[in-house]
Each structure stands twice: as structure tokens, then as C-alpha cells.
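Some notes on the structure that comes next.
Remember, predicted model here, so these are calculated numbers, not experimental data. Letters A, B, ... are given to chains in the order of the sequence lines, protein chains preceding strands, and every chain is numbered from 1.
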There are 2 protein chains.
Amino acid sequence: MIRLSKKVEYSIIALKYFAISKETYLTAKEISNKYKIPHELLAKILQRLSKEKILTSNQGINGGYKLNKQPSDISLEYIIKLFDGEKGIVECINGKSAGECCIFDECTIKDPIIKLQKELEIYFSSKKISDFV
Amino acid sequence: MIRLSKKVEYSIIALKYFAISKETYLTAKEISNKYKIPHELLAKILQRLSKEKILTSNQGINGGYKLNKQPSDISLEYIIKLFDGEKGIVECINGKSAGECCIFDECTIKDPIIKLQKELEIYFSSKKISDFV
DNA sequence: TTAAAATACGACTATATTAGTCCGATTTAG
DNA sequence: CTAAATCGGACTAATATAGTCGTATTTTAA
């Protein structure tokens, strides 16, 4: 089957933990210890989520992150696009590169593939962090 | 977004071509030429589909493949599992390896992830080659 | 004012997966 | 017998993902 990247998986784990946690601020170290996620990797993920305003961060010795959005407002679609990029379900459907595909004109599966992708996007958009809580 | 592997993509292209083609037998070379798919790679894909009885094959100089199933009986789910394996949407959910995951007991996203996977499986099962024709 | 512990950021390396190739064998019509 | 096809496995190349490292900055508290 199709697989979520570790970045997406770790994001879900972390965001769920933020969602259920009482503490206002949580550190990357705390979460990486709890879930055995490589610290440096999780740190970058949280930094990225912070840059996207999904989390807010405090620097300094008592710093950390906290949720800045409702879990029901954070979709899987958003997280996947954030970490895995906007790439399409097949190489062709990469936004601008469609015309570059060498069989583009006679490609017979283009339209149904685009439909497939749209349906998956709708599905992943409908899945929110709150569905994991 | 989530991406189909080339093997799956080429399978869809080839199977659709079988579905719409008048010829009874088509060769790997013919299809690989038409769609600019590496011949050796497509050959292996067709061999695999043949082994699965989705195609039937004739060896020898006038050989080739033809469809052995209705396009409406060949699901995307089947093709994906065939070429990409049974791996789950996350590493944990690899059939037997679930218990091996080091955070399995306190993994908090297990159930919703399994639900996600089931839903995707149902979705891909519902997509047939006939939907691409 | 200094040390410790956190975020921030970018470059780098390692690993795994996917894509594609190569070689040799077998089959079969002409 | 030969050409052209399927068959099957081992191999290589390319790409993508996962994870690491080093360094800077911020902030609190001793």
C-alpha cells in the first residue's frame, strides 16, 4: 500500500500529543523521548510546523512549542504537502511539468489519473488531527 | 501527495491498452514503443501480470499477451499490492511486525492509522481498470 | 555574567526504495 | 536454424527518505 513518510507520521504523533497534553509548552526532547523519535529530526519537524504557524514556539531554556491551531483545523493533506511536497500521484501531474511528459499528447490515462488525485486530495483534506485524538 | 510507483503506472497504461485494443495478442515491445516505457521493465511487469493470470501469454516468435480478466475485475488495489507489496501506510502496520514496533504499546495513533489504511484500501479496491478506459 | 537548555537553520551523510539494465534460457513460427 | 518473443533472476543506477552534525541565537536562572 501507499505509505506515509516518517515526517508525516511523526507530525501526526506530535500534533496529537500537543492536542491531548495539558502542558502549555512542550519541548522537542520531551516528545522525542516519549515516542522514540530521533530528536534532531523531530526538532526540524516542529520548527517547520512552527514556521507554518501550526505551532508557536518559545526559545530559550524554558522554551518549547504549543499548538496554535485547533486540531480540527489541521488536515492530513496540509501536513503531507508540507513535508512531502506538492508532487502528483504520477510524475506527469507535477503542476507545471505536465506538458513536458514525452507521451503527454497520447497519454491515455491522464484524465482518470487526475480524477483519482483530486479524490485522494479531498479524502486527505477531510482527515484532521482531531480524527487521531 | 502520495505517488503511484512506475510499475503501477505502467501497469495501468498497459492494461488500459489491452482493454481498448482490438488485437488479440500484443507484445511488450509494441506497448513499450507506443508509450516510451523501458522495454525490459515493461516486459517484467507483463510477465508478472501473466503469472497472476491477469494476462495470458504466448511464447515464441508470434507470441504476446492478452487480457484474461474483465477490466472491471482488475482493481488498483490488486495492482498496487502486487507491485509495491503489502506494506502498510506506516511501517508498524506491516502485518506481522506490529508487535515489533518499539512504541507499540503506547503508540497513540495506531487505531486511527489502521482505520485510515482500511479506508484507502476500500477506495483503491473500488477503482478498476475499466475506470481508466 | 555566565552556563545550560532550548529553538533555528543549513549542510551533510546514510539508508532504503524504486527504476531500470543485463544476461542467459526457453519457446515457437517460418 | 534463426529470429523474435516470453521467462526469470541477478545486478546496477538513480532517487527519495531518514537521520546526523555543527553552529548560531535566544532565554532563564544561578
Point to revise | Approximate separation, where rounding is to 0.5 Å, of B:Y78 OH and B:I54 CD1 | key: 5.0 Å
Check your understanding: Expressed in angstrom and rounded to an integer, what is the separation of A:L42 atom CG from D:dT20 atom P?
Key -> 12 Å
Revision key, fill the gap. Whole-Å distance, A:Q47 CD to D:dT23 C1', equals 13 Å
Check your understanding: If you look at every strand shown and take non-hydrogen atoms under 4.0 Å, does B:A28 touch a base, only sugar-phosphate, or nothing?
Key -> sugar-phosphate
Taking N or O atoms only and anything under 3.5 Å, show me the protein contacts with nucleotides 28-30 of chain D, one pair per line.
residue	atom	partner	partner atom	Å
D:dT28	O3'	A:N62	ND2	3.4

**Study point:** A:F83/A:L49 under side-chain contact (heavy atoms from CB on, under 4.5 Å): CA gap, chis, key distance, verdict
**Key:** CA-CA 10 Å; A:F83 289 110; A:L49 292 171; 4.0 Å; yes
Review point. Rounded to whole angstrom units, what separation is found between the CZ atom of B:F83 and the C1' atom of C:dT17?
Key: 16 Å
Practice item. Whole angstrom is fine here: how far is it from CZ in A:R48 over to P in D:dA18? Key: 16 Å
Check your understanding: Can you tell me how far P of D:dA4 sits from CD of B:E30, to the nearest Å?
Key -> 15 Å
Check your understanding: Between atom CG in A:L41 and atom C1' in C:dC9, what is the gap in whole Å?
Key -> 15 Å
Review point. Does A:Y65 put a side-chain nitrogen or oxygen below 4.0 Å from OP1 or OP2 of C:dA8?
Key: yes
Please list, for nucleotides 15-17 of chain D, all pairs of protein and nucleotide N/O atoms separated by less than 3.5 Å.
residue	atom	partner	partner atom	Å
D:dT17	OP1	A:K87	NZ	2.6

Practice item. Would you mind reporting whether B:L76 and B:F132 have side-chain heavy atoms less than 4.5 Å apart? Key: yes
Exercise for review: Search all heavy atoms of B:G88 against all heavy atoms of B:Q117 and return the closest pair with its distance.
Suggested key: CA-OE1, 3.3 Å
Revision key, fill the gap. Rounded to the nearest 0.5 angstrom, the NZ-NZ distance for B:K53 and B:K69 is 10.5 Å
Check your understanding: Take atom CD in B:Q70; do more than 12 heavy atoms of anything else shown fall under 6.0 Å from it?
Key -> no
Review point. Rounding to a whole Å, what distance do you find between B:K53:NZ and D:dT6:C1'?
Key: 15 Å
Check your understanding: So, A:E40 and A:K44, do they make that salt bridge, N to O below 4.0 Å?
Key -> no
**Study point:** Gap between atom CZ of A:F124 and atom CD1 of B:I2 - 0.5 Å precision
**Key:** 4.0 Å
**Study point:** From B:K7 atom NZ to B:S5 atom OG, the distance as rounded to the nearest 0.5 Å
**Key:** 7.0 Å
Point to revise | Test applied, side-chain contact (heavy atoms from CB on, under 4.5 Å); reference residue, B:P71; option that passes from B:I129, B:D131, B:I20, B:L15 | key: B:I129
Practice item. Run the numbers on A:Y25 and A:N62 for side-chain contact (heavy atoms from CB on, under 4.5 Å), then give the verdict. Key: CA-CA 9 Å; A:Y25 280 88; A:N62 284 334; over 6 Å; no
Check your understanding: Between A:K29 (NZ) and C:dA4 (C1'), how many Å, whole number?
Key -> 11 Å
Practice item. Using only side-chain N and O atoms of A:S57, determine if any of them is under 4.0 Å from OP1 or OP2 of C:dA8. Key: yes
Check your understanding: Could you give the distance from CG (B:L46) to CD1 (B:I31), rounded to the nearest 0.5 Å?
Key -> 5.5 Å
Review point. Just to confirm, is there a sub-4.0 Å distance from OP1 or OP2 of D:dG19 to any side-chain nitrogen or oxygen of A:Y10?
Key: yes
Using the 3.5 Å cut-off, write out each protein N or O paired with an N or O of nucleotides 10-14 of chain C and the distance between them.
residue	atom	partner	partner atom	Å
C:dG10	N7	A:K44	NZ	2.7
C:dG10	O6	A:K44	NZ	3.1
C:dA11	N6	A:K44	NZ	3.3

